[in-house]
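Note that this is a predicted model, so its numbers are computed, not measured.
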Amino acid sequence: MHPASIQGEKMEVAYYPGCTLKTNAKDFEETAIKVFELIGIEFKELDKWYCCGTVYSLATDNLMYRLAGIRNLIRAKEEGYEKLLTLCSICYNTLKQANLMAKSDKEAMEKINAFMDEEPDYDGSVDVIHPLQLIDKKFYEIKERVKKPLNKKYAAYYGCLLLRPKEVAIDEYENPSIMERLIEAMGGEAINFPLKNECCGSYNVAVNREAVIERTYRIVLNAKKNGADGIITSCPLCHFNLQEMQKEVKKIHSDFSGLPVYYFTEIMAEAFGVKNEGR
Amino acid sequence: MARKDKKEEKLKMKMVRIYIMGKEYKVPEGLTIMKAMEYAGYRYIRGAGCRAGFCGACATVYRKEGEYKLNADLACQTTVEDGMYLVQLPFTPANKATYDVNKIKADDKTLVNFYPEIARCVSCNTCTKACPQELEVMDYIQSALRGDMKKTAELSFDCIQCGLCAMRCPAEIAHYHVAQLARRLYGKYLMPKAEHLEKRVNEIKRKRFDEEIGKMMKRNIEELRKMYNARDIEPEEEEEPKREGD
Ligand code: SF4
Ligand code: SF4
Ligand code: FES
C-alpha cells in the first residue's frame, strides 16, 4: 500500500521539452518523467512546440529572436494550460523571460503581436515554471518514495540561468537552497558550495574553450574541497561543460581528480530505485 | 452559334487588370495566372511543368492592391484577381547536401549536421504562410532540428519542392532539401518494412513471372488488347482502404 499522501493529489502540467532533451540530454527527460510521475506529477508534452531560441537569442535586442518564446506560450495557452513546465535551465530562462517581456514591455508586444498576425495576441498569462519549484510542495511524497537513501555528499550546482535575472529566479537568487533540500529529503548530504551560482561559461564552450575549462576547474575543485562525491544540475549545457571539460582540466592540472556530474532527476531515480528501469 | 452571338459573348466577357512585373494587362476573368500570362503574350520555357499542381515548377508571388500581404502560390492553380501584381519565380537557388543514403545513419543529429542552418530558425512562420501546399513548414523544420525524422517526413510528405518557403525564409534555410533527406532516411531506415513488397520482389528475382511475361511478349497487339480488356479488375473500394498496421 502506498502512503495516503502519494495516492493524494495528482497533477498534470504542460511540458515543454526543448530540443536538447530530445537529443543530447535524453537521460534527463527520461528520468524526469519517471520520477515526477512517482510523486504525482504528470508531464503533458505540448502537441506543438518550437526551439526556444536559447539564451543566445536574449543577447540581442532584435525582436525576431523573441518570436519563438512567445509562440510557445501561445501554444500552451491554446492547449488550455496556465502553467508551462520545462526542465532545461536554458529553456526555462528563455521562456520565462519571454513571458516577462509579454507582461511588461507593451511596445515590444505590440510589434510582436502585429508581426504574428496569424496568431491570437498574447497577454503574458502563462506561468513558466521549473520542476524544482515543485519540490517543496511534494516534499513528503519525495521522502516516502525513497527506497535507497543516497548516503552520499552532493554539491548542488545552480549556475546562472535558474537565478538570473532575479525576476526569473526559482529561489533566493544569491543563496538558493531548493536542490539542497531535495538532496537531504532523499537521505543525501548537501555540502556547503560557495560556487553553486557561478557561471560555467555557457555557450562560450564553442568560442572560448579555455575560459570554460578554467571555470570547470574552479567549480569542480570547490565542490571537491568541500567534500562532494558528485555534482547535480538541471542544465544540459552546464552538465556538458562541467563533465566534458574535466578531461581538459586534467591535461593542465595533473593532480586534478574530478567528480561525476548528474541531472538532479538522475539522483532522484537512484534514490527511488528506478534508475535503469525500462531502458 | 451565330457569329454575331459569339462576338457579343466575347464583349460581355469580364476582364480584370493584372500587373506582370509592373506592366498592366487586361485578361479575362477566371483564368489561372499561368493562362493569363500566356494570354498576355508570355511563353513558358521554364516555370511550367505539369499544369496540374503537382510538379512545383510554377511558383508565383503576388500582392493585391491595397493589401500588405505578399502571397505565394502556384501559377497553374491560382485564379487571377483584379489588381494583382505578380511575378514568377521559376527557380530558387538552394544548395543540396551531397550524401550516399546507404552510407549515412539516421540519428538525432543527421539532419542538422547536413543542414546546420536549420538551427537558425526563429519560428517566424513565414515559410508556413508561403507554402502553396498548406504544409506546416515551420513545424517540420522544428522537428528536423530536434531529430524527429518521422514527424519531419510525415509533415513534409506533400511537398512539391516549389521553393517558395526557401525564398521567404529569413534564416536562409532550404526547407525542401532538409525534408527530402528526412523522408529518404525515414523510408530507408525507420519506417516499418512493407513485407508484401519484399515477398513480391523475391518472387520476381526467383523468375516466377518470367514464363508468363515471355509468352506475352510473343503475342500481337490485337491479342494483347483482348487480354487487357478481359483482365481481372479488383473492385474499387468504397471507403478508404484499411492498410495493414493502421
Ligand atoms: S514546403 Fe516549401 S518547397 Fe515544399 S511545397 Fe511548401 S513552399 Fe513549396
Ligand atoms: S521562415 Fe525560416 S526562420 Fe521562419 S519559421 Fe520558417 S524556417 Fe524558421
Ligand atoms: S506547373 Fe506543375 S505545379 Fe504548376
Side-chain angles (χ1 to χ4, degrees), chain A residues 15-30 45-76 78 86 88 90-91 94-95 98 111-120 122 203 206 236, chain B residues 63-64 67-72 105-131 134-156 165 168-173 175 178 182 185 190:
Chain A
Y15 166 54
Y16 171 89
C19 311
T20 313
L21 272 83
K22 295 292 181 191
T23 54
N24 295 339
K26 283 192 187 127
D27 292 5
F28 192 11
E29 175 173 67
E30 279 167 12
E45 182 172 326
L46 291 180
D47 280 345
K48 287 185 178 185
W49 53 271
Y50 322 100
C51 170
C52 71
T54 85
V55 282
Y56 179 76
S57 68
L58 301 174
T60 160
D61 286 335
N62 188 341
L63 286 182
M64 203 68 173
Y65 291 105
R66 305 297 159 86
L67 296 176
I70 301 294
R71 212 184 280 283
N72 280 309
L73 297 167
I74 294 174
R75 288 289 89 77
E78 194 175 80
T86 181
C88 166
I90 300 180
C91 300
T94 312
L95 295 176
K111 279 217 168 100
I112 286 184
N113 283 329
F115 180 83
M116 297 202 290
D117 56 3
E118 77 279 24
E119 300 277 16
Y122 181 63
Y203 55 81
Chain B
R63 218 177 220 122
K64 290 185 232 163
E67 282 184 15
Y68 70 84
K69 286 264 161 223
L70 182 66
N71 303 284
K105 275 200 210 117
D107 63 31
D108 299 341
K109 296 280 176 188
T110 316
L111 298 174
V112 72
N113 283 345
F114 277 103
Y115 295 101
E117 60 277 13
I118 60 177
R120 303 179 70 215
C121 171
V122 293
S123 299
C124 69
N125 210 23
T126 312
C127 48
T128 302
K129 291 184 201 166
C131 180
E134 293 175 6
L135 304 182
E136 293 178 295
V137 190
M138 171 172 72
D139 293 76
Y140 84 55
I141 289 299
Q142 285 290 325
S143 27
L145 184 56
R146 68 183 81 129
D148 190 340
M149 212 74 76
K150 180 169 193 267
K151 202 158 180 202
T152 309
E154 284 169 359
L155 288 178
S156 71
C165 51
R168 297 284 283 124
C169 174
E172 293 146 309
I173 292 164
H175 313 63
V178 181
L185 290 170
L190 306 166

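The number of heavy atoms from other shown groups lying within 6.0 Å of NZ (B/K105) does not exceed 12. Counted within 6.0 Å of CD on B/E134, heavy atoms from surrounding residues, nucleotides or ligands total 12 or fewer; the atom is thus considered open. Atom CG of A/N62 is surrounded by more than 12 heavy atoms from other residues, nucleotides or ligands within 6.0 Å.
Ranked by heavy-atom pairs shorter than 4.5 Å toward chain A, the options B/N125, B/I141, B/D139 are led by B/N125.
For the pair B/C121/A/Y50, no side-chain contact is recorded, criterion being any heavy-atom separation below 4.5 Å from C-beta on.
Identified by a heavy-atom distance below 4.5 Å to chain B, the contributing residues of residues 19-26 of chain A are A/C19, A/K22, A/T23, A/N24, A/K26, in residue-number order.
Counting all heavy atoms, side chain and backbone alike, B/S123 lies closest to A/C51 at OG-O, 4.3 Å. Taking each heavy atom of A/L67 and B/V122 in turn, the nearest pair found is CB-O, 3.8 Å. Minimum interatomic distance between B/C124 and A/M64 (heavy atoms only, all atoms of both residues): CB-CE, 3.8 Å.
Among residues two or more places apart in sequence or in another chain, the side-chain hydrogen bond (donor to acceptor under 3.5 Å, both in side chains) test is passed with B/K150 by B/E154.
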